[in-house]
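Here the structure comes first, spelled out in structure tokens, and everything after it is commentary.
Remember, it's a predicted structure, so these values are computed and weren't measured experimentally.
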Amino acid sequence: MYKTLIRPLLFKIDPEKVHYLIVDVLKTGYKLPLSKTISNSLFQVTDPRLERELFGIKFPNPVGLAAGFDKDARLIDEFANLGFGFIEIGTLTPKPQPGNPKPRIFRLPPDGALINRMGFNNGGVDAAVERLRNRKSKVIVGGNIGKNKVTPNEDATSDYLYCFKALYDVVDYFAVNVSSPNTPDLRALQEKEPLKQLLLALQEQNSKMPKAKPILLKIAPDLNEAQLNDIIEIAIEAKLAGIIATNTTISRDGLTTPKATVTDLGAGGLSGKPLTKHSTEIIRYLRQHLPPHIKLIGVGGIMSADDALEKLQAGADLVQLYTGFIYEGPALISQINKKLLAG
């Protein structure tokens with residue numbers, strides 16, 4: 001019903017307006033009698049065989065919601081009710097910021113893709129912390145953290161540390177985002193020395209906390225082999241719990257959408273089906289070269305249960321949805337879990 005009835009209607013509306021419409025619908029629907037029961041029956045798949053234990057956390061199933069959809073932790077309970085095994089909020093920054101000028105998200109239906117240049121729009125980490133303290137669901141939550149646009153790269157570590165300390169009590173793991181293409185110069189933090197210093201500073205703070213939390217790094221799909229090797233070296237040295245592969249790409253190669261149309265849409269990160277194969281290749285490379293205790297979360301172009309299975313077979317321990325969730329609807333979550341149970 002989603003793909004034949006609901007999606008065609010939603011795709012007639014501006015993508016960002018649709019996002020906030022969905023937020024309102026989920027918020028309202030969650031309060032209605034029997035809504036949770038109906039949602040559970042449609043989307044929840046519960047089976048011990050789906051459980052995954054990573055870095056001391058037991059995930060009820062390996063299908064998560066990627067960062068970017070619930071930036072401000074407004075829909076934790078609602079998304080948990082759709083069957084996600086975990087939810088990653090953010091990217092959050094110390095201070096609220098509006099993000100880039102609108103319009104800033106665009107659909108490419110012939111390619112099953114999105115282009116976004118949101119720019120870490122969020123209400124600030126402290127507001128999200130209050131929502132997380134008041135949530136009802138026990139779903140696993142990851143905190144994706146970044147820096148404010150106005151913060152120069154030489155001061156970026158202080159922003160990440162602020163977010164880390166603010167979120168420490170209310171999230172289960174951290175994702176360090178230095179790979180978004182939509183904040184000026186952010187990707188420069190992926191270079192070897194600044195990245196190593198940032199991650200070591202976070203781990204130093206982590207060691208001072210009552211219990212160390214898993215820290216993962218989210219990387220871009222646009223890294224070459226030498227840069228991936230640097231990431232591997234840093235992940236080992238900084239004792240990371242894992243790597244999230246991958247973020248959106250700045251590439252526009254191989255698109256069906258006319259080149260002139262794509263050019264007119266402008267800058268931004270491309271996500272969805274065009275990223276499927278390449279993100280899986282990066283996962284495979286990382287798994288072959290990383291020690292087994294450093295785990296991988298696969299994200300990028302998961303548009304079907306088969307896509308998720310391929311990423312898991314390539315070496316991912318968990319997977320995350322974003323664009324596939326928009327194009328295929330919440331049924332994709334249960335489809336992946338049922339595929340895994342079917343062997």
Side-chain angles (χ1 to χ4, degrees), residues 1-3 5-31 35 39 43 63-84 87-93 96-109 111-125 127-128 131-132 135 139 141-144 146 149 175 177 180-183 247-248 265-273 275 299-303 320-333:
M1 185 175 73
Y2 175 83
K3 290 174 70 174
L5 181 61
I6 298 174
R7 190 179 75 182
L9 293 174
L10 293 178
F11 274 31
K12 293 181 182 296
I13 307 171
D14 173 78
E16 191 163 354
K17 290 180 180 178
V18 167
H19 177 84
Y20 292 112
L21 174 63
I22 291 172
V23 169
D24 291 340
V25 168
L26 287 174
K27 281 286 186 188
T28 302
Y30 189 74
K31 298 173 184 176
S35 64
S39 180
F43 306 120
V63 185
L65 180 66
F69 209 100
D70 191 14
K71 291 176 182 287
D72 289 303
R74 295 180 183 276
L75 293 170
I76 297 294
D77 298 328
E78 290 82 356
F79 279 132
N81 207 46
L82 294 179
F84 283 110
I87 295 164
E88 193 169 303
I89 62 165
T91 298
L92 289 165
T93 57
Q97 61 181 28
N100 293 321
K102 299 176 183 179
R104 53 193 180 180
I105 184 166
F106 311 92
R107 304 183 191 97
L108 280 63
D111 293 290
L114 298 173
I115 291 175
N116 95 80
R117 50 172 176 269
M118 301 298 284
F120 290 175
N121 57 307
N122 73 105
V125 68
R131 294 188 192 95
L132 288 167
R135 69 187 178 101
V139 69
V141 175
N144 188 299
K149 182 178 181 179
N177 188 353
S180 169
N182 300 317
T183 295
N247 212 320
T248 57
L265 295 179
L270 178 75
S271 62
K273 193 172 182 179
L275 198 53
V299 56
I302 299 176
M303 313 297 285
Q320 290 178 328
L321 308 179
Y322 185 89
T323 305
F325 181 64
I326 292 170
Y327 273 86
E328 303 298 320
L332 181 58
I333 308 160

**Request:** Dump the intermediate steps for side chain to side chain donor-acceptor pair (under 3.5 Å) on Thr93 and Asn122, then the final yes or no.
**Result:** CA-CA 7 Å; Thr93 57; Asn122 73 105; 2.9 Å; yes
Before giving the answer on side-chain contact (heavy atoms from CB on, under 4.5 Å), spell out for Asp77 and Val139 the whole-Å C-alpha distance, their side-chain angles and the decisive distance to 0.1 Å.
CA-CA 8 Å; Asp77 298 328; Val139 69; over 6 Å; no
Q.
For a side-chain contact (heavy atoms from CB on, under 4.5 Å) check, start with the C-alpha distance between Val141 and Arg135, then their side-chain angles and the critical distance, and finish with the verdict.
A. CA-CA 11 Å; Val141 175; Arg135 69 187 178 101; 3.8 Å; yes
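At a threshold of 4.5 Å between non-hydrogen side-chain atoms, the residues Asn121 and Lys71 count as touching. Taking 4.5 Å as the limit, some side-chain heavy atom of Thr91 sits within range of a side-chain heavy atom of Phe120. Arg107 places none of its side-chain heavy atoms less than 4.5 Å from the side chain of Ile326. Residues Asn100 and Lys149 are in side-chain contact: their nearest non-hydrogen atoms beyond the backbone lie under 4.5 Å apart. Leu265 is listed as a side-chain neighbour of Leu108, based on a closest heavy-atom distance under 4.5 Å. Between Arg104 and Asn182, every side-chain heavy-atom pair lies at or beyond the 4.5 Å cut-off. In this structure, the side chains of Leu26 and Phe79 come closer than 4.5 Å at one or more pairs of heavy atoms. Taking the side chain as every heavy atom from C-beta outward, Leu275 and Leu270 never approach each other to under 4.5 Å.
Looking at Asp14, its side chain does come within 3.5 Å of a backbone N or O of Glu16 through a donor-acceptor pair. Here the side chain of Arg7 pairs no donor or acceptor atom with the backbone of Gly329 at under 3.5 angstrom. Within the 3.5 Å criterion, the main-chain N or O of Asp24 finds a donor-acceptor partner in the side chain of Thr28. The backbone N or O of Asn144 sits nowhere less than 3.5 Å from a side-chain atom of Asn177 that would complete a donor-acceptor pair.
A ring-centre distance under 6.0 Å is found for Tyr327 and Phe11. Taking the six-membered ring for Trp, Phe84 and Phe69 have ring centres at least 6.0 Å apart.
Asn247 and Ser180 make their closest contact through ND2-N, 3.6 Å (heavy atoms, listed as atom of the first residue, atom of the second, distance). Heavy-atom minimum distance, Gly119 versus Gln97: O-NE2, 3.2 Å. The two residues Ala128 and Ala73 make their nearest non-hydrogen contact at O-CB, 4.2 Å. Of all heavy-atom pairs between Pro96 and Gly123, the closest is CG-O, 3.3 Å. The heavy-atom pair separating Pro181 from Gly269 by the smallest distance is CG-CA, 3.7 Å.
In summary, of the residues considered (Leu65, Ile333, Ile87), a side chain to side chain contact (heavy atoms under 4.5 Å, CB included) with Leu82 occurs for Ile333 alone.
Atoms NZ and OG1, from Lys273 and Thr323 in turn, are 13.0 Å apart once rounded to the nearest 0.5 Å. Taken to the nearest 0.5 Å, the OH atom of Tyr322 stands 6.5 Å off from the CG atom of Leu114. Leu332 CG to Phe43 CZ: the interatomic distance, rounded to the nearest 0.5 Å, is 11.0 Å. Taken to the nearest 0.5 Å, the CD atom of Glu88 stands 11.5 Å off from the CG atom of Asp70. Taking CG of Leu10 as the reference point, atom CG of Leu21 lies at 6.5 Å (rounded to 0.5 Å). Atom-to-atom distance recorded for Arg131:CZ and Asp72:CG is 5.0 Å, nearest 0.5 angstrom.
Counting non-hydrogen atoms of other residues, nucleotides and ligands closer than 6.0 Å to NZ of Lys27 gives a total above 12.
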